[in-house]
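All chains are named by letter (A, B, ...) in the order of the sequence lines, taking the proteins before the strands, and each is independently numbered beginning at 1.
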There are 2 protein chains.
Amino acid sequence: MKHLRILTYVAEVARHGAIRRAAERLNITPSALTRQIQDIEYELGTPIFERVAQGMRLNAAGELLVRHIRDQRADLERVRSQIADLSGVRRGHVALACSQAFVNHVVPDEVEAYRALFPQVTFTVQVRDHVQAVAALTQFEADLALVLQPPPSADMQVLFSCRQTLCALMRAGHPLAAETGPVRLRDCLVHPMAVPDRSLAIRHHLDDALARRGAPLNAVIESSSLEFLRNLVLREDAVSLQVPSGIPDDPRLCSRPIDARDLPPMSLILAQLRGRTLPVATAKFADRFAGSLHQRYGADVS
Amino acid sequence: MKHLRILTYVAEVARHGAIRRAAERLNITPSALTRQIQDIEYELGTPIFERVAQGMRLNAAGELLVRHIRDQRADLERVRSQIADLSGVRRGHVALACSQAFVNHVVPDEVEAYRALFPQVTFTVQVRDHVQAVAALTQFEADLALVLQPPPSADMQVLFSCRQTLCALMRAGHPLAAETGPVRLRDCLVHPMAVPDRSLAIRHHLDDALARRGAPLNAVIESSSLEFLRNLVLREDAVSLQVPSGIPDDPRLCSRPIDARDLPPMSLILAQLRGRTLPVATAKFADRFAGSLHQRYGADVS
DNA sequence: TGGGCCGTTGCGATTTCGGAAACAGGGGGC
DNA sequence: GCCCCCTGTTTCCGAAATCGCAACGGCCCA
């Protein structure tokens, strides 16, 4: 919407901390930008940026203003969505932040199903770790977050949660693939392990469990990319750890759940920012997503 | 705020139910309004008004939008209020030193008006003569000084100045009260004079003028209290001298300006200590005060 | 069937906005 | 201490959005 132009300028300067970079991003010149900022500061009767040698930094008044701008934009988006809803076609946009573990099946399946119903609804899917995903919610960069074991936060309102049992993942020819059913963690640890690095919740979960029993981790490979780890176990007899939803349907891969005595299940959470009224399209998608997850994994028993 | 202009247009049309009436209220032409409305409807992709013979009526989408506009305006107002709070405009203290001449109308009016806007701002008003008032500034006992004819001082930074013509003050039944308009000083001097004593700038001003023409002063009463002098002229046919701003609105009193040939006008000065950065609340008050004085007495022509 | 009200449109004038380049000021490296 | 680079800011000018004016077409009511 046109009237948000100036506010967008402020938000962009705040985001980049510099007029010149923001101007480049906005496809205008720094001079135009500096004037708009000055106009706003004049209107408010107080500066909203602190001028430092490195650029512009928000002051307290500016913090309040950019929060307002974010709220205002989100609210307008909600209104537009409601209006579009009235006119029959459901259109809108869904911004989702999710963990890597869900880029294989869960999210693409759901997005596809929803877009089959409402082709006018568009999506952005950002892959973030569990900490960044929550941050994306609070900064209005995402409407919804689907993450494993997020840090507890009062800002987060859980729309759905369930338990996911970690699985040992290996290639089809691997010795552990000879049997099916749960596998003990110690049977995995004798093999070279290809595990997520500490940016991922799975690794934290694993470390916690190992620390409690003093078992050493023989981490041959660690990576921030689950996809890389999967590709690795296809090439050598290493064992990786992934949640079921992150395991693609590939006959060359084999997975067995880790015995619950060794590793408690992880929590899978679909959440939004607490207190936010989502746009119609987004709310509807969240609703269907929660239902779909329930159907797939069942409700949380905790 | 500027960016709300277009939204205000929508709200106003919604309120009046007609573009022409709304346009009149907004001080623009109907053509400008109708185009802005069309722009918004184009952006939203749907009409927000239903065109009827009597004018414009909101449809469902419009209802949603005007609710958003109301919310948005209220939220912005809240943010502005918070910003004002932390910038200190709202709460604070103003220490003012002023001459006796301003305790009747000028200062109380201004303090009342400002406190109506910012009830959290407190005041101390010290009545000082023109010399003491400047001293109060330099000693940080006062933030602002409003005085007549202060001694020139490099420490003083003038925020506003104008001219005040001295007036002869007498009771309603006095012979001089029979006429109106300027009065010559010699016509006053034939009556018993009730004049300020030498602690007040008015007296210095009067003495200077009399000394230049060698006229004697028949000072029956002199006092450091303008209020006392006023009470005196109510009781006998004496004549006092005061500046217009010191004369209360009392039907029993009558005043006539002294002819400019006899007494040049005195200068009224609002000043602060040079180089001092006043607290926000104080600076804001000084600003409004200067504007208000300008409106009352006009700018200084010297 | 006019008159009055309504919103809307074309066009010229005004205001606002943005772009290019020069300016001013503060680090950081030499 | 000097120089270079990066920062925001200012100035001048052209471009674009906005507005005002006048005219038009539609609707209601007397």
_Any residue meeting side-chain hydrogen bond (donor to acceptor under 3.5 Å, both in side chains) with A:Thr46, in chain and number order, not counting sequence neighbours_ = none
*Looking only at heavy atoms, what is the nearest atom pair of A:Asp197 and A:Arg203, with distance?*
O-CB, 3.1 Å
_Partner residues of B:Glu77 under the side-chain contact (heavy atoms from CB on, under 4.5 Å) criterion, sequence neighbours left out_ = B:Arg80
Using nucleotides 15-22 of chain C, report all nitrogen or oxygen pairs with the protein that are shorter than 3.5 Å.
| from | atom 1 | to | atom 2 | distance (Å) |
| --- | --- | --- | --- | --- |
| C:dG18 | OP1 | A:Tyr9 | OH | 2.9 |
| C:dG18 | OP2 | A:Gln36 | NE2 | 2.9 |
| C:dG18 | N7 | A:Arg35 | NH2 | 3.3 |
| C:dG19 | OP2 | A:Thr29 | N | 2.8 |
| C:dG19 | OP2 | A:Thr29 | OG1 | 3.3 |
| C:dG19 | N7 | A:Ser31 | OG | 3.4 |
| C:dG19 | O6 | A:Arg35 | NH1 | 3.1 |
| C:dG19 | O6 | A:Arg35 | NH2 | 3.3 |
| C:dA20 | N6 | A:Ser31 | OG | 3.1 |

Can you list, pair by pair, the side-chain donor-acceptor contacts under 3.5 Å of residues 282-292 of chain B, counting residues two or more places apart and other chains?
| from | atom 1 | to | atom 2 | distance (Å) |
| --- | --- | --- | --- | --- |
| B:Thr282 | OG1 | B:His93 | O | 3.0 |
| B:Ser292 | OG | B:Glu110 | OE1 | 2.8 |

*For B:Glu50, side-chain hydrogen bond (donor to acceptor under 3.5 Å, both in side chains) partners two or more places apart*: B:Arg57
*For B:Arg296, enumerate each residue passing the salt bridge (Lys or Arg N to Asp or Glu O under 4.0 Å) test, keeping only those at least two apart in sequence or located in another chain.*
B:Asp109
_Pairing residues for A:Gln272 by the side-chain contact (heavy atoms from CB on, under 4.5 Å) criterion, not counting sequence neighbours_ = A:Leu144, A:Gln157, A:Leu159, A:Arg276, A:Leu278
*asked:* Please give me every residue in residues 47-64 of chain A whose heavy atoms get under 4.0 Å of an atom in DNA chain C, ordered by residue number.
replied: A:Ala53
_Range on DNA chain D touched by chain A, heavy atoms, distance below 4.0 Å_ = D:dT7 to D:dT18
*CD1 of A:Ile19 versus P of C:dG26: gap in Å, rounded?*
17 Å
*All side-chain hydrogen bond (donor to acceptor under 3.5 Å, both in side chains) counterparts of A:Arg73, not counting sequence neighbours*: A:Thr8
*If a pair satisfies salt bridge (Lys or Arg N to Asp or Glu O under 4.0 Å) and one of its residues is in residues 118-138 of chain A, list it, with sequence neighbours excluded.*
A:Arg128-A:Glu141
*Sequence neighbours left out, what pairs pass side-chain hydrogen bond (donor to acceptor under 3.5 Å, both in side chains) with at least one residue falling in residues 24-37 of chain A?*
A:Thr29-A:Ser31
